[in-house]
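Report on one structure; see the data block that follows.
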Amino acid sequence: MALRGVWQLQKLVVSYCNWGGSSRGIRAFMESELPALKQKNPQLEVVTELSRGQHPYLKGIYRNRNERVVCVKNMDPEEVLLNATRLRNSLGRKVVKLRTRHVTKHPSVQGTWTTAVKF
Amino acid sequence: MASLRCIRELSRRATTVLSINQTRSICYLPAIEVSGTSISHGTVISNRSLTRDLPCDEGEESSEGEDEDDEDYEDSADTEVEREYSPAEKVEEAAEIGYKVMGPLKPSERLFKPYEPVFAIVQIGSHQFKVSNGDSIFTEKLKFCDINDKLVLTKVLLLGSASQTIIGRPILPDATVHAVVEEHALDEKVLIFKKKRRKNYRRTRGHRQELTKLRITDIQGIEKPEPKIVYKPSKEAVTEQSKAELVA
């Protein structure tokens, strides 16, 4: 998640509820693994929000102003960490099927072959 | 059949618990707790389930009856044990499987140069790509690297420029291709739909492949043509010229 050396995930919003049972995993995650995540990613702004009565979610805000929301209700802290790491690892681009696995602006170096080329 | 399946499940659970605690040598021990009619199946299963975690030559045998076990195993794959690699093992596996060597993490240096008309054919895993400076490549997930890591792709099969081509037999030992890891992301979900008509059989399964995007920064091992310096007249000179023309 770094385009030409620039980190793409700017902000990670961790929204949880302090009463609901679906937030148990994320509450444990916030105590156990969130400080380590914050330390490993000093460029990332991590914000915790309390939203009572709602299911917990992770919201990633990217440099291209794209927001990716992942609902983490009823997940274990390890799974929440995996989802947070995935958000941090990806660019903010829309998830579409890849056209090609090789993206280039200069497809030919020695000249594109045509039937008229003689070696 | 149901009782056979129960015994298989139990034996598999037992062997996965064992494999967490044991080292590689367990591969060569026979199965322990399986009894009754399924002893022959049990030994084969234990080898297979162990070989999921530990590379073993014994697990190569593929029998027809293993297809069902394959499916069952993948259902419980969420609780798969992550293997701990030692640094030496990591380097070795990376060099062998992925044909890459980890460089240090990227500090504040400028790696991204403008385009050079040089290309290389590089192999990563089982896929080959024709790369040039500044291209991006999507490969299967590379395990031992994080974002913004510098990689050196060692398996280079061919180097080419406008005037020269160097062909490896099969690889070029002195050529290197430098790349930077841009992202580890999941591909879009593909739906795997199976149906057998008139047999009341329909299955839907989703799959998201884990990919790594690499940005190629440098190709070394071939003479690069010198970049042409194009002199652009500055804007002030152009405006002065146009004013002079108007006056004249």
Side-chain angles (χ1 to χ4, degrees), chain A residues 1-10 12 25 36-37 39-44 58 60 62-64 66 68 70 74-113 117 119, chain B residues 78 82 106-112 114-120 122 124 127-141 146-150 159-165 180-190 208-217 219 222 224-225:
Chain A
M1 178 222 78
L3 204 55
R4 291 182 179 266
V6 179
W7 288 93
Q8 293 295 305
L9 183 64
Q10 288 176 314
L12 185 67
L37 191 78
Q39 238 194 357
K40 280 191 188 172
N41 300 293
Q43 78 286 347
L44 185 58
L58 291 173
Y62 292 88
R63 230 173 235 257
N64 57 359
N66 189 21
R68 266 177 68 175
V70 181
N74 296 323
M75 280 197 189
D76 300 326
E78 295 84 22
E79 289 175 17
V80 180
L81 176 67
L82 176 69
N83 275 302
T85 315
R86 280 202 177 135
L87 282 177
R88 170 240 184 210
N89 280 349
S90 55
L91 304 173
R93 61 190 179 103
K94 191 172 172 185
V95 182
V96 285
K97 188 179 164 193
L98 286 179
R99 287 166 185 261
T100 39
R101 287 209 169 187
H102 177 215
V103 178
T104 175
K105 286 191 179 170
H106 304 271
S108 175
V109 168
Q110 298 176 347
T112 319
W113 182 84
V117 168
F119 291 115
Chain B
D78 294 335
E82 280 190 21
K106 183 185 182 302
S108 57
E109 56 179 80
R110 299 290 162 100
L111 277 185
F112 302 102
Y115 170 69
E116 290 153 7
V118 175
F119 73 92
V122 119
I124 298 180
H127 305 283
Q128 297 178 359
F129 302 93
K130 173 185 125 23
V131 292
S132 188
N133 191 18
D135 291 353
S136 356
I137 278 185
F138 289 92
T139 63
E140 303 300 319
K141 180 178 81 167
D146 201 3
I147 309 292
N148 262 347
D149 272 3
K150 285 191 284 194
L159 285 172
S161 73
S163 53
Q164 231 188 357
T165 314
V180 172
V181 179
E182 273 205 353
E183 70 167 333
H184 289 309
L186 295 173
D187 203 3
E188 204 207 6
K189 185 182 246 186
V190 286
R208 296 194 75 181
Q209 185 72 8
E210 302 206 52
L211 299 173
T212 301
K213 186 177 181 192
L214 301 177
R215 171 86 50 180
I216 307 294
T217 50
I219 298 175
I222 193 170
K224 297 176 191 174

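Lettering follows sequence order; numbering is per chain, from 1.
Closest approach of B:E182 to A:R4, counting heavy atoms only: OE2-N, 3.5 Å. Contact record, A:H102 with B:I137: CD2-CG1, 4.0 Å, taken as the closest heavy-atom pair. What you find for B:F138 and A:V103 is that their closest heavy atoms are CE1-CG2, 4.0 Å.
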Which is it for B:T139 and A:R101 under the side chain to side chain contact (heavy atoms under 4.5 Å, CB included) test, yes or no, and what are the steps along the way? CA-CA 7 Å; B:T139 63; A:R101 287 209 169 187; 5.8 Å; no
What do the steps show when you test B:R215 against A:L3 for side chain to side chain contact (heavy atoms under 4.5 Å, CB included), and what is the final call? CA-CA 9 Å; B:R215 171 86 50 180; A:L3 204 55; 3.9 Å; yes
Go through the steps for A:R93 and B:E183 under the test side chain to side chain contact (heavy atoms under 4.5 Å, CB included), then give the verdict. CA-CA 11 Å; A:R93 61 190 179 103; B:E183 70 167 333; 3.0 Å; yes
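Note that OG1 of A:T85 is 10.5 Å distant from CD1 of B:I147, once rounded to the nearest 0.5 Å. A distance of 10.5 Å separates CZ in B:F129 from OG1 in A:T100, rounded to the nearest 0.5 Å.
Between chain A and the options B:V118, B:N133, B:V190, the largest number of non-hydrogen pairs under 4.5 Å is found for B:V118. Of the listed residues (B:P117, B:A185, B:S163), the one with the most heavy-atom contacts under 4.5 Å to chain A is B:P117. When each of B:G134, B:S161, B:S132, B:G160 is checked for heavy-atom pairs under 4.5 Å with chain A, B:S161 comes out on top.
Counting heavy atoms from C-beta on, the side chains of A:H106 and B:E116 never come closer than 4.5 Å.
Of the two parts of A:V95, the backbone and the side chain both hold a non-hydrogen atom closer than 4.5 Å to a non-hydrogen atom of chain B. Heavy atoms closer than 4.5 Å to chain A are found in both the backbone and the side chain of B:L186.
Side-chain atoms of B:K130 come within 3.5 Å of backbone N or O of A:P107 as a donor-acceptor pair.
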